[in-house]
Amino acid sequence: MQIAARMSRLGSESAFEVLARAKAIDMQAAKDGSKSVINLGIGQPDFSTPEHVVEAAVKALRDGHHGYTPANGILPLREAVAADIAARRGVNVSPDTIVIVPGGKVTMATAIQMFGEPGGEIMYPDPGFPIYESLVKFTGAEARGYPLLEKDGFAFRADDLLARITPRTRLLIVNSPANPTGGVAPAEEVAKLAAGLAKHPHVALMSDEIYSRLVLDDDKPYASFIPYTHLHDRLIVLDGWSKTYAMTGWRLGWGMWPSHLADLATKLAINVHSCVNAAIQFAGIAALQGPQDAVETMRRAFQRRRELTVAGLNALPGVSCIRPEGAFYAFPNITGTGFNARQLQDALLEQARVATIAGTSFGQHGEGYLRLSFAADDAAIAEALQRIGTWLGENKPKK
Ligand code: PLP
């Protein structure tokens with residue numbers, strides 16, 4: 001038996017590995033009476049999906065929506081996405097440019113497979129969502145991580161990105177608000193990048209906007225790439241329901257594609273998953289067209305927890321943390337503790353029993369940082385910070 005060589009180039013997402021280790025520790029803790037793990041590792045809202053969305057899925061099942069749907073998604077859902085884009089971004093797009101997929105990740109996988117091959121280069125953020133690098137390497141394309149720096153609030157600088165483009169660059173991936181840092185690209189940098197890309201017509205852009213409804217500063221409207229219509233013939237926008245409507249387990253996402261690429265993305269869908277679960281597409285319509293108060297309730301909770309988390313982290317010895325402007329992640333600098341990211345992640349999980357993710361899980365420029373998700377209730381965050389503080393007070397790195 002010989003497995004294809006590209007399988008050895010696949011990476012993974014440490015959050016899932018840490019979750020499994022935390023569960024194993026919890027099982028042991030249940031037996032020996034020791035304390036269980038507080039999980040600040042996993043990146044998903046700790047809220048339930050709004051009730052009217054759940055009801056829409058149940059109704060769709062009862063109404064008999066049990067069969068295959070068009071591979072790119074049912075038309076009413078694609079129309080609802082196009083209407084949402086018109087309302088939020090002020091741009092009219094055809095529902096035919098929307099491809100419904102089982103989770104935002106699938107738009108990412110489709111775009112990277114569409115552009116990645118040996119000889120080409122794909123640029124992506126470092127630290128960044130680990131699946132970008134994993135999939136780029138899987139395709140055999142050259143993986144060109146670009147650094148995101150604490151001094152820039154972990155936001156990209158358009159001039160830096162434009163300077164890194166080569167004749168072999170096929171695809172540029174940007175993500176704002178960002179996982180794992182919570183960095184948000186300032187509107188002027190988004191505008192500058194959009195304008196600068198006019199000089200590089202061979203480069204496609206994938207803007208991962210999955211956290212676009214989770215900008216935490218009220219005075220900063222979200223800067224999307226969708227309003228830059230001169231890019232529409234090479235812009236792919238990744239968005240979806242997972243983070244906005246607390247629907248990570250439903251597996252529902254949408255991509256906005258240039259018309260000619262939407263057909264290719266659909267062809268890939270036909271080859272891989274046929275279509276998204278029929279009933280869940282009706283839930284997606286209910287989410288977009290129904291009341292949005294649950295989204296705002298969650299955003300307010302994340303705002304409050306951000307303050308709690310950042311203040312708590314900055315009070316810890318050897319730790320400093322800038323304020324994340326979006327998503328629900330804090331990315332503290334831990335260099336002052338003397339531990340590297342992986343050492344601290346492992347020790348905090350096993351000894352302090354707090355699950356966090358080493359910054360290096362998101363790229364080499366994540367060394368010296370940890371990711372903490374504040375998608376957890378206030379009491380859990382406070383307790384976790386206290387446990388980390390106690391552990392840091394009692395432990396110094398071995399020389
Ligand atoms: N993009 C980023 C930056 C993410 O953090 C995630 C999930 O964590 C995704 C995309 C994928 O989202 P989904 O769960 O909808 O596949």
Side-chain angles (χ1 to χ4, degrees), residues 11-19 39-47 49 53 73 77 81 98-112 122 124-136 145 148 154-156 171-185 205-215 222 224-225 236-256 265 269 272-273 276-277 280-281 283-284 287-288 298 302 324-331 357 359 361-363 366 371-375:
S12 189
E13 229 186 300
S14 303
F16 287 101
E17 181 205 319
V18 169
L19 185 66
N39 198 336
L40 304 187
I42 196 78
Q44 65 180 338
D46 58 317
F47 293 90
T49 304
V53 178
L77 179 57
V81 171
I98 306 302
V99 180
I100 304 299
V101 278
K105 245 182 193 171
V106 179
T107 298
M108 185 185 303
T110 307
I112 294 172
I122 298 184
Y124 56 87
D126 174 355
F129 190 55
I131 300 304
Y132 305 141
E133 180 181 357
S134 165
L135 284 172
V136 171
L148 293 180
F154 297 113
F156 67 74
L171 177 68
L172 166 62
I173 299 174
V174 293
N175 170 220
S176 169
N179 179 6
T181 61
V184 173
L205 176 67
M206 188 189 88
S207 178
D208 182 342
E209 305 191 351
I210 197 90
Y211 295 101
S212 60
R213 301 281 296 276
L214 288 173
V215 173
Y222 179 60
S224 165
F225 279 90
I236 300 147
V237 175
L238 180 164
D239 206 330
W241 288 259
S242 299
K243 318 287 176 174
T244 306
Y245 299 101
M247 291 176 70
T248 52
W250 293 66
R251 310 313 300 137
L252 186 64
W254 58 263
M256 189 188 106
V272 179
H273 59 262
V276 175
N277 180 311
I280 281 165
Q281 295 189 50
L288 290 173
M298 282 192 277
F302 294 139
E325 292 185 11
F328 36 66
Y329 306 110
F331 204 60
I357 312 284
S361 303
F362 305 96
R371 187 190 80 173
L372 278 76
S373 159
F374 44 85

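Note that ligands are numbered from 1 as they come in the structure, with each ligand's atoms numbered from 1 the same way. These numbers were taken from a predicted model, which means no experiment stands behind them.
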Worksheet item: Under the criterion side chain to side chain donor-acceptor pair (under 3.5 Å), which of Tyr245, Trp241, Trp250 is the partner of Thr49?
Response: Trp250
Fill in: Side chain Gln281, main chain Val276, donor-acceptor under 3.5 Å
yes
Discussion item. Looking at Arg371 and Thr181, would you say the former's side chain and the latter's main chain have a donor-acceptor pair under 3.5 Å?
Written reply: no
Discussion item. Can you name the atoms of ligand 1, numbered from 1 with element, that are less than 4.0 Å from a heavy atom of Ser242?
Written reply: 13 (P), 14 (O), 15 (O)
Discussion item. Using a 3.5 Å cut-off on N or O atoms only, is Tyr211 in polar contact with ligand 1?
Written reply: yes
Practice prompt. Give yes or no for whether the N/O distance cutoff of 3.5 Å, strictly under, is met between Gly104 and ligand 1.
Written response: yes
Worksheet item: Numbering the atoms of ligand 1 from 1, which are under 4.0 Å from a heavy atom of Gly103?
Response: 15 (O), 16 (O)
Fill in: Side chain, backbone, both or neither: Trp241 near ligand 1, heavy atoms under 4.0 Å
neither
Discussion item. One residue to check: Lys243. Relative to ligand 1, which of side chain, backbone, both or neither has a non-hydrogen atom less than 4.0 Å away?
Written reply: side chain
Practice prompt. List the steps and the verdict of side-chain contact (heavy atoms from CB on, under 4.5 Å) for Arg251 and Ile280.
Written response: CA-CA 8 Å; Arg251 310 313 300 137; Ile280 281 165; over 6 Å; no
Worksheet entry | Any side-chain heavy-atom pair of Pro177 and Tyr329 under 4.5 Å | no
Fill in: Backbone or side-chain N or O of Glu13 under 3.5 Å from ligand 1 N or O
no
Worksheet entry | Minimum heavy-atom distance Thr107-Val237, with the two atoms named | CG2-O, 4.2 Å
Discussion item. Quick check against the 3.5 Å criterion: does Ser207 have a side-chain atom that pairs as donor or acceptor with the backbone of Glu209?
Written reply: no
Worksheet item: Considering only heavy atoms, which of Met247, Arg251, Met108, Glu209 lies nearest to atom 14 (O) of ligand 1?
Response: Arg251
Discussion item. List ligand 1 atoms under 4.0 Å from Asn175, heavy atoms only on the residue side.
Written reply: 3 (C)
Item to complete: Take Lys105 and Phe129 through the test side-chain contact (heavy atoms from CB on, under 4.5 Å) and record every step on the way to the result.
Response: CA-CA 10 Å; Lys105 245 182 193 171; Phe129 190 55; 3.8 Å; yes
Worksheet item: So which protein heavy atom does atom 11 (C) of ligand 1 come closest to, and at what separation?
Response: Lys105 N, 3.8 Å
Worksheet, complete the sentence: the protein heavy atom lying closest to atom 1 (N) of ligand 1 turns out to be Asp208 OD2, 2.6 Å
